[in-house]
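What you see is a predicted model, and the numbers here were worked out from it, not measured in a lab. Numbered from 1 within each chain, the chains take letters A, B, ... in sequence-line order. Values reported hereafter were calculated over all heavy atoms of this structure, with side chains retained and with hydrogens, waters and symmetry mates removed.
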Amino acid sequence: MDEQQARLANCFLAVFPDLSADEISSATSATVPSWDSVAGVTLLAVVEEEFGIALETDDLSRFDSFQDFLTYLRQTEVGERS
Amino acid sequence: MKLVEALNITRAMQQRKLPMLRCFLATGFNALHLKTFLAAELSLVFAEQKIEVLDGLYGDLLGNIDRLAKSDCEIGVVLIEWSDLDPRLGIRSTARWTANELKNIVTTAKARAAQMQRTIEEASQHAPVVACLPTLPLLPFSFTPSCQSGSWDVELRGIMQSLSSVLAESGQVRVLNAQRLDLDSPLKDRHDIESEGLSGFPYRLPHASAVAGLIARLAQRPVPKKGLITDLDETVWSGILGENGVDGISWDLEHHSQMHALYQRFLGALMSEGVMVAVASKNDPELVEQALQRSDLAVSAGGIFPIEANWKPKSQSVSRILETWNVGADSVVFIDDSPLELAEVKAAHPQIECLQFPTGDSAAIYELIVRLRDLFGRSAVSEEDSIRVESIRRSQAGMALRGTPALEEFLEQAEAEVSFNLSKTPLDPRAFDLVNKTNQFNLNGNRYTEANWKKFLDDPASFLMVVSYQDKFGPLGKIAVVAGGYRERKLMVHTWVMSCRAFSRQIEYRCLAELVARFDFDEIEFAYQQTERNGPLREFLSEILKTPPSPNCVMARREMEDRLEFVMKPQEVSNG
């Protein structure tokens, strides 16, 4: 797990404390029972704060899993520390 | 605080087994992250309790305040934003803004504010309430350009100012200081318009964090420091008295030493609030006396007591001052411009708060005064606060009288009068303060939240006895509290505290004698617990029980009557 993934995992762990380390990278709104709309908005805010970005929230369904967030971060090249 | 930190703090708190403290957060918007920040900040302030923050329904602030009033929460928080006064003042409304509507908006806001006042006051009867008035910028609904105040927005702000003023005056509601919030959270960085539209949560995260932090500080009734010990040279005044002479020291604009006058004025303000102020200075005592007689001092030197001016280590002066005041070092702040002196005092009195006076740095002196305001800040100044210093002076004078005659004789000479008030209403804030601030003569060190204290007093089986004292030297005011319950001919004392100012006057014996006279009990039980600092209470109970006290120690009525025989006949009850 690289640094970007680790920081994202910490965001997930803060919002979904019951997830185990193994479950985080495969977490989706369908597999995490506590991922409701409030948790979704909280997760967005935590990720924005952690990476200092403003996520495009017009379509919240695009951030439905750990991998969705990771893909977005990689595509927009944020959170990389050289 | 970052949101992720707040989430982690609340998660850690949920795993701890602690007594629950419930807080109701009444807002008209979606409390979302504010709720998380508030839970985290309250967890830090109330570290010995597990926090649960409840909230109400979206868009129904008045209803939520009503829910707060009906809940059994120990703390209430009411946060008003402009849209709670009239939805047309929020961005989620689609109602029209026309020049004709403005008057109607103001009328609606006025009526809504009056309703809010009533419901907040009602809620504050059940639990302490913290109120926060609009923190977000007003939307540009009026016809004036943004740099010009229009009559409508001035009127709206006036309505909120009036509400704030009435609530603050009531004494039951703590209103968040808007100026303090302005310093912590710049106005332009508060409103998250995107988030308000998306989720109904209108705050940017740093603003939510700042609001929650200040609310949490207000939710905890502050325990102010009791005394300030100050140096003189380069502190109370600019210059060295021994070198510059009485006329060579200054605190004025002409000598660029005005900030010392500001410090003097602040000391004077503290004294008027009942804070004890003393001097510890390495100086010639005669010179100090002359300097403190200068008529242009911005503080009344007569209120400073005691004055320790000598060439010995300052820690020794501080020890004598603490002894005279009869307070613990943790209740006191020591101010000196010399880091060496601060370190020497800190080494001898680790619990004292030592702060450096930053001579020559006006901005830093101002910051110091703001910090001192926080350390000594209180919600109200009581009668007892205003007579504290004078009663200590009298007590010192009385010590001389106490040299040879027996204590009983001294008390008789002093024409001591103890009065007892057994009424539980109206709620006496001084009794609550004594219970939560007293350390030395304290039965068990147990503290109450305001809501728990109210709940305890509401129990028909509970009793409360507030004790006042005065003698020919003047009043000490309310100085002791005994509280507990009476069931099946058994009197249980759960709480017993007495101010250290009232020691050595046999008041503790008189308290027991009054209980014997007032209650028809067969035995009395003391919920005693040893604490680090309740030695004086332990000594007294050992004397009465003829054995060191143990938790829930019991004494029969007859035994107690025998041991209290020497105490004067109890005084008449003044009330209740």
Reported CD-to-CD distance for the pair A/Glu49 and B/Glu5, which is rounded to 0.5 angstrom:
8.0 Å

Within residues 9-30 of chain A, residues adjacent to chain B where the heavy-atom gap is under 4.5 Å
A/Asn10, A/Leu13, A/Ala14, A/Val15, A/Pro17

Among all residues two or more places apart in sequence or in another chain, which pass the salt bridge (Lys or Arg N to Asp or Glu O under 4.0 Å) test with B/Asp60?
B/Arg67

Check side chain to side chain contact (heavy atoms under 4.5 Å, CB included) between B/Leu139 and all other residues, then give those that pass, not counting sequence neighbours.
B/Ile91, B/Trp97, B/His191

Close contacts, residues 31-53 of chain B versus chain A, judged by heavy atoms under 4.5 Å
B/Leu32, B/His33

